[in-house]
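Read the structure below first, then the notes.
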Number of protein chains: 2
Amino acid sequence: MKLGDGVETAIHCVAVLAGLTDGAVMPTAALAEHYDVSPSYLAKHLKALVAGNVLISVPGPTGGYQLAKGPAEISLLDVVLAIEGRDPAFRCKDIRRNGPCVPDDSAFPKPCGIKKAMLKAEQTYRAELAAVSIQDLVTDFQETSDTRVIARGENFIAENERPKKL
Amino acid sequence: MKLGDGVETAIHCVAVLAGLTDGAVMPTAALAEHYDVSPSYLAKHLKALVAGNVLISVPGPTGGYQLAKGPAEISLLDVVLAIEGRDPAFRCKDIRRNGPCVPDDSAFPKPCGIKKAMLKAEQTYRAELAAVSIQDLVTDFQETSDTRVIARGENFIAENERPKKL
DNA sequence: GGGCAACTACTCGGATAACGATTGTCCGAGTAATCATGG
DNA sequence: CCATGATTACTCGGACAATCGTTATCCGAGTAGTTGCCC
């Protein structure tokens, strides 16, 4: 049970993109600089976010990324699933069907109780993540952070965002 | 976000061990035969369960494994943590402290909101697993399974368990 | 001076290596039953 | 016949490879801006 470190980076980047003006975009290089991470590797995660309908990419010079929906419409779960994949963490191989105690393959009409319990727990986990939106995170950040950090963050966005094409 | 396949095997084995008579043990070879898995690899997981205080091992001939506590005292969470490790799935590297927007290292007195949300979701996940005991799984199994499978299972245990030493 | 076309430079997207963790296996330390032996 | 001791065979425990996924990177396709040229 382990989440890739790309999840943290992805969430932070989505939160930054939530702060830029309507229609504007920000390129990979700027996001990588903001958090001092490898641009090449960050690009991989941003790609995944596009595939997961969390971000939209704009090609060419003055291109970059922007949110695919409003910050209130994107949940933590959307980001996590886009990066980690949509398959459940618990994979049942149905080993209960193996071995000498199973007469034939029709002996298990009901689903496996273990599988049910594991998937139920995972669904509550996902529900918890789905209840938190990017907007919530941004609001919390603005309410709890040092004013200097907020000011510098806004300044960074102003310097690195690409305005919407006319 | 992925759980190792050893989790499924471990839970099934613990459930089987819950079925043997008081004080009796069952060796790795029998458990491996029951589910048709590699004995060598299964041994690795059983070791982990001993380290996690879920099972007790008895060495020597007529040795094997038994539950460390009653089936109602062992939760799914105990098994999962023993196999997958106790560390949280979400690992926060605090990348928010990197980059040009951070004046100095004291700029973040409050904990990271993202980290809080991720860990909270994970705690609900663990709480859900902690609420399910091995006893629950065994009861569910006995109520929902084919009678032939139950009979063969009991027969298998009777043939392969090692009774408590006098 | 204005319009147009070719060029340039910068962007994302997919394909490609390197590392680490999980998977899978083996041999050694330890123990209880067994069997031979002696009383 | 019974107690005793060495032997034996079977168990778990820790150390050791192989495979797969994540990590990390690079180069190519495409596009908007730019520049130079022509009208």
Side-chain angles (χ1 to χ4, degrees), chain A residues 1-10 13 17 24-33 36-52 54-66 68 80 82-85 87 89 91 93 95 160-166, chain B residues 1-10 13 17 24-33 36-52 54-66 68 80 82-85 87 89 91 93 95 160-166:
Chain A
M1 178 107 184
K2 198 188 65 169
L3 274 74
D5 65 353
V7 173
E8 182 188 6
T9 310
C13 287
L17 292 177
V25 300
M26 183 173 283
T28 306
L31 290 167
E33 183 195 355
D36 193 22
V37 296
S38 161
S40 308
Y41 189 36
L42 175 60
K44 189 186 192 77
H45 296 315
L46 295 176
K47 265 185 300 182
L49 290 173
V50 171
V54 175
L55 299 184
I56 290 177
S57 67
V58 176
T62 73
Y65 293 95
Q66 64 184 181
V80 171
I83 301 295
E84 293 288 321
D87 291 336
R91 291 161 300 174
K93 288 186 179 174
I95 64 170
N160 291 97
E161 75 176 357
R162 311 276 178 81
K164 185 180 184 179
K165 302 169 212 169
L166 305 179
Chain B
M1 177 105 184
K2 199 189 67 169
L3 272 74
D5 65 353
V7 173
E8 181 189 6
T9 311
C13 286
L17 291 176
V25 298
M26 183 173 283
T28 305
L31 289 168
E33 183 194 356
D36 193 22
V37 295
S38 160
S40 308
Y41 189 35
L42 175 59
K44 190 186 193 75
H45 296 314
L46 294 175
K47 264 186 299 182
L49 289 174
V50 172
V54 175
L55 300 183
I56 290 177
S57 67
V58 176
T62 74
Y65 292 95
Q66 63 184 181
V80 171
I83 300 295
E84 293 288 321
D87 291 336
R91 294 160 297 172
K93 288 186 179 175
I95 64 169
N160 291 96
E161 75 174 359
R162 311 275 178 79
K164 184 180 183 179
K165 303 167 210 167
L166 306 178

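Letters A, B, ... mirror the listed sequences (proteins, then strands); counts begin at 1.
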Checklist entry - Got a sec, which residues hit side chain to side chain contact (heavy atoms under 4.5 Å, CB included) with B/Ser57, two or more places apart in sequence or on another chain? => result B/Val50, B/Tyr65
Next on the checklist: The criterion is side chain to side chain contact (heavy atoms under 4.5 Å, CB included); which residues satisfy it with A/Ser40, sequence neighbours excluded?
Outcome noted: A/Ser38
Item to check | Nearest-angstrom distance from the residue atom CD1 of B/Ile56 to P of C/dT31 | outcome: 16 Å
Next on the checklist: If the cut-off is 4.0 Å, is A/Lys165 near the phosphate of D/dA32, judged by side-chain N/O to OP1 or OP2?
Outcome noted: yes
What's touching nucleotides 17-24 of chain C from the protein side, N or O pairs under 3.5 Å?
unit_1 : atom_1 : unit_2  : atom_2 : d
C/dT23 : OP1    : B/Asp5  : N      : 3.1
C/dT23 : OP1    : B/Asp5  : OD1    : 3.3
C/dT23 : OP2    : B/Tyr41 : OH     : 3.3
C/dT23 : O5'    : B/Tyr41 : OH     : 3.0
C/dG24 : O6     : B/Lys44 : NZ     : 2.9

Checklist entry - When the distance from CG of A/Leu46 to P of C/dC12 is rounded to whole Å, what number comes out? => result 8 Å
Item to check | Contacts of type salt bridge (Lys or Arg N to Asp or Glu O under 4.0 Å), residue B/Lys93, not counting sequence neighbours | outcome: A/Asp5
Item to check | With A/Ala32 via side chain to side chain contact (heavy atoms under 4.5 Å, CB included) - residues at least two apart | outcome: A/Val37, A/Pro39, A/Leu42
Next on the checklist: Checking the side chain of B/Arg162 only, and the main-chain atoms of B/Pro27 only, is there a donor and an acceptor separated by less than 3.5 Å?
Outcome noted: no
Under 3.5 Å between N/O atoms: give me all the protein pairs with nucleotides 4-11 of chain C, atom names plus distance.
unit_1 : atom_1 : unit_2   : atom_2 : d
C/dT11 : OP1    : A/Arg162 : NH2    : 2.8
C/dT11 : O4'    : A/Gly60  : O      : 3.1

Checklist entry - Starting at NZ of B/Lys164 and ending at C1' of C/dA32, how long is that distance when rounded to a whole Å? => result 17 Å
Checklist entry - Between D/dT25 atom C1' and A/Lys47 atom NZ, what is the distance in whole Å? => result 10 Å
Checklist entry - Got a second to check how far B/Thr28's OG1 is from B/Lys47's NZ, nearest 0.5 Å? => result 10.0 Å
Checklist entry - With B/Glu161, which residues qualify under side-chain hydrogen bond (donor to acceptor under 3.5 Å, both in side chains), at least two apart? => result B/Thr21
Item to check | From A/Ile56 atom CD1 to A/Leu49 atom CG, the distance as rounded to the nearest 0.5 Å | outcome: 12.5 Å
